[in-house]
Number of protein chains: 4
Amino acid sequence: MATEMSIQAAFQEVMAASGEIPPKQQQVLTASLALFAEQGFANTTTKQIAERAGVAEGTVYRRYKTKDELLAAVLAPFTTEVLPKLVKEFAAKVVRQKYTTRHALITAVITDRLAFLQDNSQVMRVLVTELLVRTDLREQFLARAVPMVQANLYPILDQLKAVQELPDWPNDRIAQFMIGTMVSQFIRSSFTAEPVATVGPLMIQFLEQGLAPEPTA
Amino acid sequence: MATEMSIQAAFQEVMAASGEIPPKQQQVLTASLALFAEQGFANTTTKQIAERAGVAEGTVYRRYKTKDELLAAVLAPFTTEVLPKLVKEFAAKVVRQKYTTRHALITAVITDRLAFLQDNSQVMRVLVTELLVRTDLREQFLARAVPMVQANLYPILDQLKAVQELPDWPNDRIAQFMIGTMVSQFIRSSFTAEPVATVGPLMIQFLEQGLAPEPTA
Amino acid sequence: MATEMSIQAAFQEVMAASGEIPPKQQQVLTASLALFAEQGFANTTTKQIAERAGVAEGTVYRRYKTKDELLAAVLAPFTTEVLPKLVKEFAAKVVRQKYTTRHALITAVITDRLAFLQDNSQVMRVLVTELLVRTDLREQFLARAVPMVQANLYPILDQLKAVQELPDWPNDRIAQFMIGTMVSQFIRSSFTAEPVATVGPLMIQFLEQGLAPEPTA
Amino acid sequence: MATEMSIQAAFQEVMAASGEIPPKQQQVLTASLALFAEQGFANTTTKQIAERAGVAEGTVYRRYKTKDELLAAVLAPFTTEVLPKLVKEFAAKVVRQKYTTRHALITAVITDRLAFLQDNSQVMRVLVTELLVRTDLREQFLARAVPMVQANLYPILDQLKAVQELPDWPNDRIAQFMIGTMVSQFIRSSFTAEPVATVGPLMIQFLEQGLAPEPTA
DNA sequence: GATGAATGAGCTTTCATTCAT
DNA sequence: AATGAATGAAAGCTCATTCAT
């Protein structure tokens, strides 16, 4: 099961959709994302961005009035376009296929979303780093992401709980364990550049066992 | 079970070890840690540090010749003093108590290490953020931490595997799942300021189930 | 007595004189004048001008190659067209009507020129401000204006001095007192937005008394 | 009658009084005033200021966080220190000497205040130019200056009106004519660099006649 | 040791000006 | 003629670092 869409692809789509985003501005966004991921936002200068993008420094400021706006523009597609689409596509697929076991659910989540994380490690990295440091971004992101996960993942969890496929734990904990297990993989591969492929089956098994309902005594 | 040592205590020790303990330098370190945790290293100015520490800007440079050295000094106790001591104390305790079930191991890890993360959330936060961004720090940290975990945790894991208390997975994966589950909690509480206490039992159960050995057919 | 010519009218004339009248250029000049008057020349950007004029930024540069040329174009009608015409018309009228009392002269000056200042307060403001700051403009302006006043006003003053209607002061002083009294009114209304109409009679009386010849003992 | 205090002197006094204004900061203020007067605020760069002051560019920003604050600091002594002192000293002197004729009053005003304007032509020039262009500064200045003049000059005018030494015009008009006549001289000398000394007697006579009460029929 | 004024390299940002379309 | 994206020199400003006191 392949990733439906990477952030880069989303960039392209958004730009093409708007129709009016000049190519140089795309180069600026692409260069910004790459540099932010490599060095962090604060350690990246607008001069570096201009050089990498092959444009003049003034061009960086043509569409985005400040460096902060540039960061927002780089991260925006993730929260406003990609994340909703991914969550909804995922939910739709799960619902369509009427997963009735946690095995099926977890397999879907891991294979699908892990590949997504992998494909978008650049943006993920920028996002995680900045969320750790910027209160405003964090609140803005959580305000969008949390309800989205609640609306799309929680009903599925409730369903599986009803058929004894999941323990009677709070949904946010179950989600935390799933997401946490994946993020741990993301951070690890971000550190050590190891191939993700191998960990998939193990992770599925770990989660499947970990999220098994307690044996009804 | 209380934390054996917090970073603040470690600061004291490091200070004591280096002979003299200029109180102003202690204030500088404390202020730096707090500000780096709040705003990130790159977004913190030496002026802010001086103000919060109640010293002149020049004083910040008395002991540490650059801002980078200050970051190193803030993080050093963690990698050079706290982390080794913690891992070793933990291993010693485990060995001493001859844990023969993963339940006992996981309970010990979660209650003990989670409290530790909690107590040192400031340094943890600075550490995680900077490790994501600075290649040099990352390599340096991994070069120290990985062998340490390997030397102290892996033998215990092997032992438990031998008595069918853990599945026959690579040790680094088992460690990843345990650490990842804890770090996910750290990041979550870092984002939402929820009390950690409540999650303990659930986390133990999740890990215990997740790390159960596959039923030998 | 109405103003013979306002700057807006002068713009039209200058435009007509130069053959074609591109309406967009007219908009550019009008917008420039308004913005220079509101914010000063140096604080106004070509982007603001383009926006207010409803044209693209490049269009601003179609006729005027630099921003300085634009300032010159805004001020030019005043010194090259309006001022000469006004002074000469004034002189002609005075001569035609054979004013033989300073009362008649001052009344004519005040009612006529004060209305003129009022109608062209925008250009006046830009002119005064820039003359205070730009040495080159100042010299250029004085080189044109001073001789003009000398040629047209001084003979009339001499005439009135001859019939004891004016004191035997240097003409430049008499002119200074008259002009200064009017300019003071212009600056005041520019600051406080008060209606000019009311001050007319008082100003006439003040000047008439102030410029009375010393009683011949 | 000499000027009691020039702006430059006021600078010195304020600086000396505060005690804590380092010499380099004085150089910055002095250089700023000179350059603003020569070229206008907007046309002066912080680099020029640093060069003229003989300091590094960063030093310009040590005490004043923005260029605007520097302008405020340059003009502040005028409104907060010099203007009040001058108006009050003047009023005190007038009252002390019990002027009962407008001749005495006008002579005092002209000789005294004209010299003041002359001595402080630099600051005056910056002040006038910026008041023409900056709405905020203008309101702030008027809010201070107008009441001050009203409180100190108007009673004296009322007194002279009572003894038929001044016409029954609104005080603000009388003040306008006096101030306007002086400002006209200031602007003229600012343009042409002529010596002021010579115009004194003529100006006194002009004002004295202009402000004579209407002959009671 | 401690101070904080001073430094200046380098950053973000602005904006008059150009030019392919 | 008109457009507006692109330019890049130069402006305002920041801040880690130094050093005389």
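Computed from a predicted structure; not experimentally measured. Chain naming here is simple, since letters A, B, ... match the order of the sequence lines and numbering starts at 1 in each. All heavy atoms count here, side chains included; hydrogens, waters and symmetry mates do not.
- Distances shorter than 4.0 Å separate none of the side-chain N or O atoms of B:Lys47 from OP1 or OP2 on F:dC15.
- Taking atom OH on A:Tyr64 and atom C1' on E:dT14, their separation rounds to 19 Å, with Å as the unit.
- Nucleotide F:dC13 holds its C1' atom 18 Å from the CZ atom of D:Arg63, rounded to whole Å.
- In this structure, CG of B:Leu70 is placed 13 Å from C1' of F:dT17, rounded to the nearest angstrom.
- Counting only heavy atoms from C-beta outward, the side chains of B:Leu70 and B:Thr46 never approach each other to under 4.5 Å.
- Comparing C:Gly54 and A:Pro23 by the nucleotide of DNA chain F whose heavy atom lies nearest to each, the residue mapping closer to the 5' end is C:Gly54.
- Note on A:Lys65: every side-chain N or O is 4.0 Å or more away from OP1 and OP2 of E:dT14.
- Residues B:Val60 and A:Thr44 both approach DNA chain E. Their nearest nucleotides, taken by heavy-atom distance, put B:Val60 toward the 5′ side.
- Of the side-chain N and O atoms in A:Lys24, none sit less than 4.0 angstrom from OP1 or OP2 of F:dA5.
- By the side-chain hydrogen bond (donor to acceptor under 3.5 Å, both in side chains) test, D:Thr44 pairs with D:Gln39, sequence neighbours left out.
- Listed here is the closest heavy atom pair of B:Ala37 and B:Val126: N-CG2, 3.5 Å.
- The ring pair (Phe, Tyr, Trp, His ring centres under 6.0 Å) contacts involving residues 33-76 of chain D comprise D:Phe36-D:Phe41, where partners must be two or more places apart or lie in separate chains.
- At a cut-off of 3.5 angstrom, the base of F:dA1 holds no donor-acceptor pair with the side chain of C:Arg62.
- Between the CD atom of C:Glu51 and the P atom of F:dG4 there is a distance of 11 Å, given to the nearest Å.
- Residues satisfying the side chain to side chain contact (heavy atoms under 4.5 Å, CB included) criterion with C:Val133, sequence neighbours excluded, are D:Asn43, D:Thr129.
- Atom pair B:Gln39:CD and F:dC15:P shows a separation of 11 Å (rounding to whole Å applied).
- For A:Glu139, the salt bridge (charged side-chain N to carboxylate O under 4.0 Å, His left out) test picks out no residue, with sequence neighbours left out.
- Between C:Ile49 atom CD1 and E:dC15 atom P there is a gap of 12 Å when expressed in whole angstrom units.
- Within the structure, a side-chain polar atom (N or O) of B:Thr46 is placed less than 4.0 Å from OP1 or OP2 of F:dA16.
- We find that NZ of A:Lys67 is positioned 14 Å from C1' of F:dC13, with the value rounded to whole Å.
- Minimum atom distance to the side chain of B:Gln25 is reached by E:dA2, of the listed F:dA16, F:dG12, E:dA2.
- At whole-Å resolution of the value, CG in B:Asn43 and C1' in E:dT12 are 14 Å apart.
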| message | Please convert DNA chain E into dot-bracket. A pair counts if it is Watson-Crick or G-U wobble with both distances under 3.5 Å; crossing pairs go in [ ] and bases paired with another strand get |. | response | .||||||||||||||||||||
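- Two residues are said to be in side-chain contact when any heavy atoms from C-beta on lie closer than 4.5 Å; C:Phe141 and C:Leu75 fail this criterion.
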Could you run down the sub-3.5 Å N/O contacts of the protein with nucleotides 8-10 of chain E?
from: E:dG8; atom 1: N7; to: D:Gly58; atom 2: N; distance (Å): 3.3

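- Applying the salt bridge (charged side-chain N to carboxylate O under 4.0 Å, His left out) test to every pair with at least one member in residues 35-46 of chain D, sequence neighbours left out, gives these pairs: D:Glu38-D:Arg52.
- By the salt bridge (charged side-chain N to carboxylate O under 4.0 Å, His left out) test, A:Lys65 pairs with A:Glu69, sequence neighbours left out.
- Set against E:dT13, F:dA5, E:dT17, the side chain of A:Tyr61 has E:dT13 as its closest nucleotide.
- Residues passing the side-chain hydrogen bond (donor to acceptor under 3.5 Å, both in side chains) test with A:Asp68, sequence neighbours excluded: A:Arg134.
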